[in-house]
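Model, not experiment: these values are computed from the prediction. When a ligand or atom number is given, it counts from 1 through the structure's own listing order. For the single chain, residues carry numbers from 1 onward in sequence order.
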Amino acid sequence: MEMTRDALLNQKGGVAKTTTTLHLGGTLAAAGRRTLLVDLDGQGNLTTALKVDRLHPQGEMTLARAMLEGCTREQARSMVRQHSENLFVIPSALDLFTLPRNLYSARSSEHRLTWVLELLEEEFDHCLVDCRPALEVDTDNALTWATAVLIPVDVDEFSIEALELLIGQVQTLATEARIDPPRYRGLVINRIDRPFSGFHQKVYDALHQLPLPVVGEIPLRTAVAEAKNKGKTIAQYEPRSDVARMYRDLAVKAGYLPETTAS
Ligand code: ADP
Ligand code: MG
């Protein structure tokens with residue numbers, strides 16, 4: 001099986017990109033898939049959630065350094081940390097903050113992440129890249145590398161506006177970087193809090209009427225945040241909870257896992 005290459009992207013903040021990367025990744029790992037998560041956000045929320053150390057630009061290879069200077073396969077491997085069985089991460093580092101500025105004038109600036117992550121293709125079944133809430137050159141790199149995009153959203157009117165912008169950006173980038181545009185796996189609606197107000201019902205219905213399929217619906221649950229505070233994925237923390245099942249449903253509906261492993 002070829003490694004799946006997914007960017008989890010939405011320039012809107014707080015829509016659960018990092019949470020989806022963590023718990024979807026954990027779900028795939030629990031299903032026996034070797035899964036690599038990549039923290040492409042200098043904030044390092046995914047790195048913190050997994051309770052692994054940031055990479056240190058002085059003395060260690062980092063993703064930003066690898067993208068700017070190039071790296072060998074061994075150097076690429078040296079960035080990978082193991083969290084638990086089948087679950088791996090390339091942690092964040094502070095130099096990700098200056099990456100967009102430093103990358104801006106580089107040649108083939110959108111292809112740098114592809115050069116790095118292709119060195120690790122053989123070793124994983126799935127790779128999920130947790131993007132920063134921005135549509136800049138680092139995000140362009142994720143989109144250039146990715147063959148699929150999964151879009152976390154929340155039930156908020158700005159989610160719909162953000163999506164139009166996002167889809168436009170993907171098209172522009174594909175033309176400019178001369179790449180095949182990644183396909184959309186679809187939307188994951190997060191932090192669903194029922195019963196809905198009339199307003200939220202309207203937004204929820206509108207999300208279902210977009211041309212992208214809804215592949216996941218994740219309710220607001222304290223266990224989701226608790227698992228993260230304990231450095232665990234929901235598959236490890238509360239494998240029998242309804243929300244763990246919903247992440248498994250997402251993994252099936254979005255096409256990562258076959259139907260038969262669904263609960
Ligand atoms: P993003 O990466 O898009 O900025 P996060 O994944 O950091 O968003 O999520 C924003 C906040 O919402 C975090 O504090 C996270 O713990 C919380 N959160 C996300 N999904 C859920 C959920 N299903 N239930 C409860 N809290 C959630
Ligand atoms: Mg995040």
Side-chain angles (χ1 to χ4, degrees), residues 6-27 37-52 54 63 83 89-94 96-97 99-100 128-136 138-139 141-143 146 149-163 165-166 169 185-196 200 203-204 207 214-251 253-254:
D6 279 45
L8 281 83
L9 176 60
N10 190 332
Q11 74 281 11
K12 186 171 186 287
V15 295
K17 288 180 288 296
T18 301
T19 304
T20 308
T21 307
L22 174 69
H23 295 314
L24 173 61
T27 300
L37 310 181
V38 177
D39 192 346
L40 195 60
D41 187 343
Q43 302 282 353
N45 293 339
L46 178 65
T47 300
T48 308
L50 290 164
K51 295 207 189 302
V52 296
R54 285 173 179 268
L63 205 49
H83 170 268
V89 60
I90 297 182
S92 177
L94 290 177
L96 280 172
F97 283 119
L99 177 69
L128 307 177
V129 173
D130 181 23
C131 295
R132 178 169 77 96
L135 295 175
E136 291 176 44
D138 50 339
T139 325
N141 266 272
L143 285 169
V149 180
L150 184 63
I151 307 178
V153 295
D154 59 1
V155 187
D156 181 296
E157 58 178 329
F158 296 116
S159 272
I160 293 168
E161 292 175 20
L163 278 172
L165 206 63
L166 175 58
Q169 171 84 357
R185 284 194 195 267
L187 307 177
V188 190
I189 307 179
N190 288 289
R191 303 183 354 170
I192 295 177
D193 191 11
R194 290 197 167 91
F196 284 135
H200 284 120
V203 176
Y204 178 84
L207 285 169
V214 173
V215 289
E217 302 204 24
I218 310 291
L220 188 74
R221 288 287 183 274
T222 48
V224 171
E226 272 168 18
K228 187 176 70 174
N229 293 337
K230 297 224 153 64
K232 291 186 174 173
T233 70
I234 196 73
Q236 295 164 337
Y237 183 67
E238 278 195 1
R240 270 171 283 278
S241 60
D242 69 335
V243 68
R245 179 173 50 76
M246 287 166 192
Y247 278 106
R248 284 197 297 276
D249 291 346
L250 161 64
K253 225 172 165 186

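For ligand 1, the atoms sitting less than 4.0 Å from at least one non-hydrogen atom of Thr18 are 2 (O), 6 (O), numbered in the order shown with element in parentheses. Per-residue contacts place Leu220 under 4.0 angstrom from the following atoms of ligand 1 (heavy atoms of the residue considered): 24 (N), 25 (C). Taking a cut-off of under 4.0 Å to the non-hydrogen atoms of Val15, the atoms of ligand 1 that pass are 1 (P), 3 (O), 8 (O). Taking a cut-off of under 4.0 Å to the non-hydrogen atoms of Ile218, the atoms of ligand 1 that pass are 23 (N). Interface of Thr19 with ligand 1, defined as ligand atoms under 4.0 Å from a residue heavy atom, comprises 5 (P), 6 (O), 9 (O), 15 (C), 19 (C), 20 (N).
The protein heavy-atom contact nearest to atom 25 (C) of ligand 1 is Arg221 O, 3.2 Å. Ala16 N, 3.0 Å is the protein heavy atom nearest to atom 8 (O) of ligand 1.
Taking 4.0 Å as the cut-off, Pro219 counts as a neighbour of ligand 1 on heavy-atom distance. Heavy atoms of Asn190 come nearer than 4.0 angstrom to ligand 1 in no pair at all. Residue Gly14 places a heavy atom less than 4.0 Å from ligand 1.
Between Asp242 and Arg221 a salt bridge is recorded (basic side-chain N to carboxylate O distance below 4.0 Å).
Closest heavy-atom contact between Arg185 and Ala254: NH1-O, 2.8 Å. When all heavy atoms of Asp41 and Pro133 are compared, the closest pair comes out as OD2-CD, 3.8 Å. Between Asn190 and Ala16, the shortest heavy-atom distance links the atoms CG-CB, 3.5 Å. In plain terms, the two heavy atoms of Arg194 and Glu217 that are nearest each other are NH2-OE1, 4.1 Å.
Under the salt bridge (charged side-chain N to carboxylate O under 4.0 Å, His left out) criterion, Glu226 pairs with no residue at all, not counting sequence neighbours. Under the salt bridge (charged side-chain N to carboxylate O under 4.0 Å, His left out) criterion, Arg54 pairs with no residue at all, not counting sequence neighbours. In this view, Asp130 satisfies the salt bridge (charged side-chain N to carboxylate O under 4.0 Å, His left out) rule with no residue, not counting sequence neighbours.
In this structure, the side chains of Val129 and Asn141 stay at 4.5 Å or more apart for every pair of heavy atoms. Val188 is not listed as a side-chain neighbour of Leu24, based on a closest heavy-atom distance of 4.5 Å or more. In this structure, the side chains of Leu50 and Leu37 come closer than 4.5 Å at one or more pairs of heavy atoms.
Note on the Mg ion (ligand 2): protein N, O or S atoms under 2.8 Å away count 1, no waters included.
Scanning Glu217, Arg191, Lys228 for the heavy atom closest to atom 11 (C) of ligand 1 points to Arg191.
Of the polar atoms of Thr222, none of the N or O atoms is found under 3.5 Å from an N or O of ligand 1, judged by distance alone. Note: no N/O pair closer than 3.5 Å links Gly13 and ligand 1 by distance alone.
For the side chain to side chain contact (heavy atoms under 4.5 Å, CB included) with Thr21, the lone residue among Asp39, Val38, Val89, Leu8 that qualifies is Leu8.
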